[in-house]
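See structure below.
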Number of protein chains: 2
Amino acid sequence: MSTVAGGGRRADAVRNRKLALDAAIALLSEPGATLTVEAVARKAGLGAGTVVRAFGGKDALVDAAVSRLLQPVVARARDLLAQTGPEQALRVFLAELIAFQSSHHLISEQLGGLDLPATTTLRAELVRAVEDMIAAARRDGVVRADLEPEVIAVLIGESAFAIARSSTTSGELADAYITVMMDGLRPQ
Amino acid sequence: MSTVAGGGRRADAVRNRKLALDAAIALLSEPGATLTVEAVARKAGLGAGTVVRAFGGKDALVDAAVSRLLQPVVARARDLLAQTGPEQALRVFLAELIAFQSSHHLISEQLGGLDLPATTTLRAELVRAVEDMIAAARRDGVVRADLEPEVIAVLIGESAFAIARSSTTSGELADAYITVMMDGLRPQ
DNA sequence: AATCAATTGGAATGTGCGTTCCAGTTAGCC
DNA sequence: GGCTAACTGGAACGCACATTCCAATTGATT
């Protein structure tokens with residue numbers, strides 16, 4: 001992270017950076033919104049130039065916003081694993097992950113073609129957390145041992161995102177996905 | 001003997017439409033290609049205007065190309081179900097669907113934001129074919145009865161596309177997906 | 001061969017972006 | 001309160017596209 005507070009920058013610059021970030025985050029949660037620099041600037045009450053300058057480019061802005069959103073998700077995965085049995089943790093996390101993605105589907109649309117280092121790192125951490133869940137569940141004998149935890153984690157990461165994108169309305173699809181997935185992951 | 005089967009259009013217009021369509025299809029199969037009107041025109045040896053005019057717009061061109069590519073996939077699904085047991089048909093089709101998508105990942109990238117009626121219809125047909133497989137397998141008692149075939153079909157449609165997108169290299173991921181999915185679909 | 005409507009290439013136009021620039025404003029320091 | 005460098009808004013610019021336009025060409029009909 002570049003700066004916590006100040007860093008030699010003027011107070012208004014720091015404040016505006018926060019405004020722009022908040023606006024971008026808000027837009028990511030708004031269904032049907034378009035994440036353009038202009039839209040962020042309007043929502044933040046700033047000029048387009050100010051928004052770009054605060055982050056050095058649109059990519060960095062999106063990166064900051066998305067990773068800010070993703071952070072609690074990763075933390076939640078860790079918490080669940082620490083507090084619950086791995087199987088239950090995985091089931092609950094899957095449901096929450098899909099719900100999160102459903103209400104922020106702009107995220108996955110933005111991921112294409114942009115360079116988002118922080119987001120990429122965080123996504124890897126998320127996969128890693130799932131991998132730990134799988135590994136723990138496997139030690140308990142409740143997840144099949146003929147597939148590598150890493151492969152399963154990636155599998156879940158990819159497919160869950162896809163399910164989330166098209167289950168904005170139903171919820172039935174998400175439930176079916178979790179059911180099939182959890183059953184398919186059990187030792188056969 | 002002047003008009004070909006093309007509604008009174010001139011022979012060169014018909015020929016050029018075919019050239020543009022072939023070029024678009026070729027580009028969809030080329031990794032890393034960009035599907036712009038200009039790119040299609042260059043590959044077809046035509047002017048940009050000619051390409052657009054032949055279809056009335058880029059959307060219609062992409063729609064024609066994608067649905068042309070999707071057609072044999074749907075046919076294959078029907079064939080498999082007619083010639084093999086439903087469970088085996090589903091397993092083989094899943095593998096082929098993912099392989100197809102892997103080598104045409106531009107398709108799913110183009111699907112966003114464009115209006116593609118023929119493609120939408122064909123995709124629905126594909127889901128319908130999978131639904132029939134599931135229904136048949138369920139009658140045989142090899143697929144769980146607590147989930148609706150329609151839901152399972154959509155589930156497969158969405159998740160398979162996602163797996164395909166990120167399994168361009170490995171193949172390991174696709175195998176794991178099929179294994180987990182098939183096991184998860186069995187009566188528990 | 002002559003005629004003419006259909007068709008063509010590719011330059012011009014329109015659009016939606018991100019980015020850059022700059023005259024004016026403001027925060028921070030004496 | 002002044003001075004100065006940082007910062008701001010938003011217009012101007014650049015870029016990547018799809019689309020439209022039109023003078024030149026070509027297929028079809030006679």
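These numbers come from the heavy atoms of this one structure, side chains and all, not from hydrogens, waters or symmetry mates. Residue numbers begin at 1 in each chain, while the letters A, B, ... track the order of the sequences.
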Tabulate protein N/O versus nucleotide N/O from nucleotides 16-19 of chain C, keeping only pairs under 3.5 Å, one per line.
unit_1: C/dG18; atom_1: OP1; unit_2: A/K58; atom_2: NZ; d: 2.6
unit_1: C/dG18; atom_1: OP2; unit_2: A/V37; atom_2: N; d: 2.9
unit_1: C/dT19; atom_1: OP2; unit_2: A/K58; atom_2: N; d: 2.8

Is a salt bridge present between A/R186 and A/E87, judged by a nitrogen-to-oxygen distance below 4.0 Å? yes

Here the distance between atom P of C/dT7 and atom CG of B/L46, to the nearest Å, is 14 Å

A/F55 CZ to C/dT20 P, in whole Å, measures 16 Å

Taking five pairs at each end of the helix from C/dA1-D/dT30 to C/dC30-D/dG1, what angle separates the two helix axes (nearest 10°)? 10°

Under the ring pair (Phe, Tyr, Trp, His ring centres under 6.0 Å) test, which residues partner A/F161, sequence neighbours left out? none

Could you pull out the closest heavy-atom pair between B/R9 and B/R17, with the gap in Å? NH1-CD, 3.8 Å

Got a sec, which pairs hit ring-ring contact (aromatic ring centres under 6.0 Å, His included) with one end in residues 133-158 of chain B, sequence neighbours left out? none

Under-3.5 Å N/O pairs linking protein and nucleotides 25-27 of chain D:
unit_1: D/dT26; atom_1: O2; unit_2: B/R10; atom_2: NH1; d: 3.1
unit_1: D/dG27; atom_1: O4'; unit_2: B/R10; atom_2: NE; d: 3.3

Looking at residues at least two apart in the chain, or sitting in another chain, which of them share a salt bridge (Lys or Arg N to Asp or Glu O under 4.0 Å) with B/D79? none

Using the side-chain contact (heavy atoms from CB on, under 4.5 Å) criterion, which residues pair with A/E158? Sequence neighbours excluded. A/R123, A/V154, B/I163, B/S166

Kindly write out the residues that satisfy salt bridge (Lys or Arg N to Asp or Glu O under 4.0 Å) with B/R53, not counting sequence neighbours, or none if the list is empty. none

Would you call A/D22 and A/K43 a salt bridge, taking side-chain N to carboxylate O under 4.0 Å as the test? no

Tell me if the side-chain of B/R53 makes a donor-acceptor pair with the base of C/dG9, cut-off 3.5 Å, by modelled atom types. yes

Taking only residues two or more places apart in sequence, or in another chain, which ones meet A/A65 in a side-chain contact (heavy atoms from CB on, under 4.5 Å)? A/L21, A/A24, A/I25, A/L28

Specify the separation, in whole Å, of atom CZ of B/R9 and atom C1' of C/dT8. 15 Å

Would you please name every residue forming a salt bridge (Lys or Arg N to Asp or Glu O under 4.0 Å) with A/R128, sequence neighbours left out? A/D132

A/R42 CZ - D/dG9 C1' separation (whole Å): 15 Å

Is the count of non-hydrogen atoms from other residues, nucleotides or ligands lying under 6.0 Å from A/E38 atom CD greater than 12? no

Expressed in angstrom and rounded to an integer, what is the separation of A/N16 atom CG from D/dG10 atom P? 13 Å

d(A/R76 CZ, A/L81 CG) to nearest 0.5 Å is 12.0 Å

What nitrogen or oxygen pairs link the protein and nucleotides 1-3 of chain C at under 3.5 Å?
none

From CG of B/L114 across to P of D/dC17 the rounded distance in Å is 14 Å

What residues, two or more places apart in sequence or in another chain, satisfy ring pair (Phe, Tyr, Trp, His ring centres under 6.0 Å) together with B/F55? none

